[in-house]
Amino acid sequence: MKQTNWYKDAIIYQIYPRSFCDGNNDGMGDIPGIISKLDYLKELGINCVWLSPVYDSPQEDNGYDISNYRDIYKPFGTLDDFKKMLSEMHKRGIRLIMDLVVNHTSSEHPWFKSAISDKNSPYRDYYIIKKGRKNGKKPPNNWSGFFGDGAWQRIGDSDEYYLRLFAKGQPDLNWENPKVREEVKDILRYWLDMGVDGFRCDVINLISKDQRFKSVAPTIALAGKKYFVSGPRLHEYLHELYKDVYSNYDCMTVGETVLTTLQQGCDLVEPNREELSMIFNFDHTDTDNYFGVKWFIRKFKLTRLKKVVNKWQQGLHNRGWNSLFIENHDQRRCVGRFNTDDKEYREVSAKMLATTYFMLQGTPFIYEGQELGMTNGDFSCLDDFKDVETHNIAALGEKIKILKPILKKSLYQCSRDNARTPVQWDDSEFAGFSKVKPWIQVNKNKSFINAKQQLTDDNSIFHYYQKLIEYRKGNEVIKNGEYIDLLPHNHKVYAYMRKLDDKEIVVVSNFTNKEVVNPLRKKLKSIKLVMSNYNNNSETLKPYETRLYER
Ligand code: ISL
């Protein structure tokens, strides 16, 4: 099948189904709710949706723990609802990519249930089950997981453990077993044959584990990562999926690849290697923490951000394709982050960040609510949080007696639930998300931050995104042009150029809440201003001002 690489022209909107729109008023978002908002998405201008998991699941990790890969979680709807949604999307020129979570299943998946209840089960070898040390008193090695605790779970009071790099209910699959790989291929074909257009592949660079399962010297974060991140057979497995499945469809894949170096990233996306279409790297979201641990908040520094953006923009240029994002369901909201402001300067901050990442090379992703400038949640106690990771970290903090105020600050600021509050459709009691109390609380600022208001306001963040999307469509300079950082050492202003033949696009963004003299004022004299978040073309940039120029 000919690959048209349509994803290079895609603008992808991420839907986290629980929090998007509740069609049947049970307090939880669902597929009928999504269908009811497709015209809204069409109006925004996006042409592809990434749907976070809707498969059947006990929801320990909100659907990233799948118990049936071929059916829909009932509160979200039925397979028929899903098919209707897909066809309604396609009718509107919107493609759909699904979340593919195959590093692990749920512990409620029939494979796992069989694997642990019967040592002779044909599914035993679908998982990674090992004898513990010290007669089973200690886990097989000292690897740690992503959610703040150990990576192994003891099976009952036996001396055996299963590997789970995330929550207890997320046992890792054993990709060494060819049967597991065949199962995954069948799942992919099932959805592709139904008409879906591709996959966002959850933690796909963790699927191959070093089979020696060795312990490591104690580290601050994620002990054992060198043995399970980008493991020895990763590229082989991905190529196998490409050859046996993806190559038969005009589909795309975006790998969620945690802790990836540029070289590893290139190896995953260079087209001739036939592995993935593009990847998410997280270097820019780690610029405001220490050791890659989001809970260790670090003061933001613009030059640090520029350095990693430059690395990936220049490193992948003409080699492989990039993805662009500043929010997702695991990150806190972008306004109030990257030195911006979610109060007085919220609107200009949101527009400035949007312009700054939208003109880079790659496929932009917009996370639900980002187009409205939604803010972090206003949680006031631990019970307000629903996320398994947040509760794990809170428990760990108690155990190792991290000073309560410090822990509280980073939990409240960095919890993934900040991005999971209901989308604010209007100013009614439950923000038009539902008629009943939602599964997680609605932000109070729905009274003035909501879609209804923004649709009627030409100057809103929603309309700003709409214009950026329109500007990007079919623009060859943005798609293929070279990227040049114009002020790599400037701590206040981010300015870059995109250049293709004799055409240029320049973005200038003030990342501070103060006025700054535009360092490029002389150079930009004869260039045309296309868009800005202020009505200002003076030599001074207002707080969080952004300007998009072209020549
Ligand atoms: O959010 C994180 C921890 O603070 C990330 O490390 C995150 O766990 C990592 O990016 C993997 O995320 C993906 O897989 C997880 C799931 O919980 C996330 O929602 C998903 O995006 C396990 O499936």
Side-chain angles (χ1 to χ4, degrees), residues 12 14-19 50-55 57-67 69 97-109 144-149 151 153 163-173 199-207 220-225 228-230 254-260 279-286 288-297 323 325-333 337 365 367-368 376 385-394 396-397 407 410-420 440:
I12 306 186
Q14 184 192 349
I15 293 181
Y16 194 66
R18 276 181 163 253
S19 308
W50 150 27
L51 183 59
S52 277
V54 289
Y55 315 91
S57 155
Q59 304 282 319
E60 181 176 353
D61 188 18
N62 291 0
Y64 283 89
D65 46 328
I66 299 171
S67 52
Y69 286 92
I97 64 170
M98 303 276 282
D99 221 303
L100 177 77
V101 189
V102 287
N103 172 66
H104 44 268
T105 68
S106 158
S107 54
E108 293 296 308
H109 195 290
S144 53
F146 282 74
F147 287 166
D149 52 3
Q153 195 66 37
L163 182 74
R164 48 101 180 164
L165 292 177
F166 293 89
K168 284 190 188 112
Q170 292 172 302
D172 283 55
L173 281 165
F199 298 94
R200 173 268 185 189
C201 312
D202 192 63
V203 286
I204 201 69
N205 64 330
L206 305 183
I207 57 178
I220 292 186
L222 214 54
K225 62 183 171 201
F228 55 76
V229 176
S230 299
V254 50
E256 188 208 23
T257 52
V258 289
L259 305 163
T260 319
I279 58 163
F280 291 126
N281 95 79
F282 291 88
D283 282 357
H284 59 297
T285 64
D286 282 331
D288 52 8
N289 69 44
Y290 288 101
F291 318 115
V293 181
K294 69 177 173 194
W295 313 105
F296 299 155
I297 301 167
S323 75
F325 71 98
I326 48 175
E327 279 189 14
N328 67 31
H329 64 292
D330 293 332
Q331 300 287 326
R332 58 194 193 266
R333 292 290 183 179
R337 198 174 176 186
F365 287 71
Y367 177 66
E368 60 181 36
N376 277 352
F385 293 96
K386 308 295 171 205
D387 179 22
V388 57
E389 181 198 45
T390 307
H391 285 281
N392 271 7
I393 296 295
L396 180 76
L407 175 70
S410 63
L411 261 193
Y412 281 59
Q413 194 170 322
C414 305
S415 166
R416 307 192 294 182
D417 280 340
N418 282 304
R420 300 175 180 185
I440 190 169

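Note that ligands are numbered from 1 as they come in the structure, with each ligand's atoms numbered from 1 the same way.
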Residue pair V101 / Q170, side-chain heavy-atom distance below 4.5 Å = no

request  = Can you pull out the closest protein heavy atom to atom 12 (O) of ligand 1? Residue, atom name and distance to 0.1 Å, please.
outcome  = E256 OE2, 3.0 Å

ask   = Is the shortest heavy-atom distance from the side chain of F166 to the side chain of V203 under 4.5 Å?
value = yes

key: Validation row: Y64, D99 side chains within 4.5 angstrom (heavy atoms)   = yes

task = Specify the protein heavy atom at minimum distance from atom 6 (O) of ligand 1: its residue, its atom name, and the distance to 0.1 Å.
result = F146 CD2, 3.9 Å

Contacting atoms of ligand 1, where contact means under 4.0 angstrom from a heavy atom of V258 = 9 (C), 10 (O)

ask   = Among D202, T285, D387, whose heavy atom sits nearest atom 23 (O) of ligand 1?
value = D202

query = Got the closest protein heavy atom to atom 21 (O) of ligand 1, with its distance?
reply = D330 OD2, 2.5 Å

key: Contact check, side chains of Q14 and H329, non-hydrogen atoms, under 4.5 Å   = yes

request  = Have a look at ligand 1 and work out which part of R200, if any, has a heavy atom under 4.0 Å from it: side chain, backbone, both or neither.
outcome  = side chain

key: Closest to atom 17 (O) of ligand 1 (judged by heavy-atom distance), picking from L259, D61, V102   = D61

message = Taking the side chain as everything from C-beta on, heavy atoms only, tell me whether R332 gets closer than 4.5 Å to Q413.
response = yes

task = Heavy-atom contacts with H329 under 4.0 Å: which atoms of ligand 1 show up? List them by number with element.
result = 18 (C), 19 (O), 20 (C), 21 (O)

key: Heavy-atom side-chain contact between D65 and T105 under 4.5 Å   = no

Validation row: F146, E389 side chains within 4.5 angstrom (heavy atoms) = no

inquiry  = Starting from atom 8 (O) of ligand 1, what is the nearest protein heavy atom, named by residue and atom, and what distance separates them?
reply    = F166 CE2, 3.6 Å

query = Can you list the ligand 1 atoms lying under 4.0 Å from a non-hydrogen atom of V203?
reply = 11 (C), 14 (O)

inquiry  = Is atom 3 (C) of ligand 1 touching the protein, meaning some protein heavy atom lies under 4.0 Å away?
reply    = yes

message = Heavy atoms only, cut-off 4.0 Å: how does Q331 contact ligand 1, side chain, backbone, both, or neither?
response = neither

Side chain proximity check, L407 to L411, heavy atoms < 4.5 angstrom = yes

ask   = Does ligand 1 have an atom under 4.0 Å from some heavy atom of H104?
value = yes

ask   = Just by modelled atom types, is the R333 backbone N or O under 3.5 Å from a matching donor or acceptor in the N376 side chain?
value = yes

inquiry  = Under 4.0 Å from a heavy atom of F147: which atoms of ligand 1 are those, numbered in the order shown and with their elements?
reply    = 8 (O), 17 (O)

query = Does any N or O in the side chain of S144 come within less than 3.5 Å of the main-chain N or O of A223, such that one atom is a donor and the other an acceptor?
reply = yes

ask   = By number and element, which atoms of ligand 1 are closer than 4.0 Å to a non-hydrogen atom of K294?
value = 1 (O), 3 (C), 4 (O)

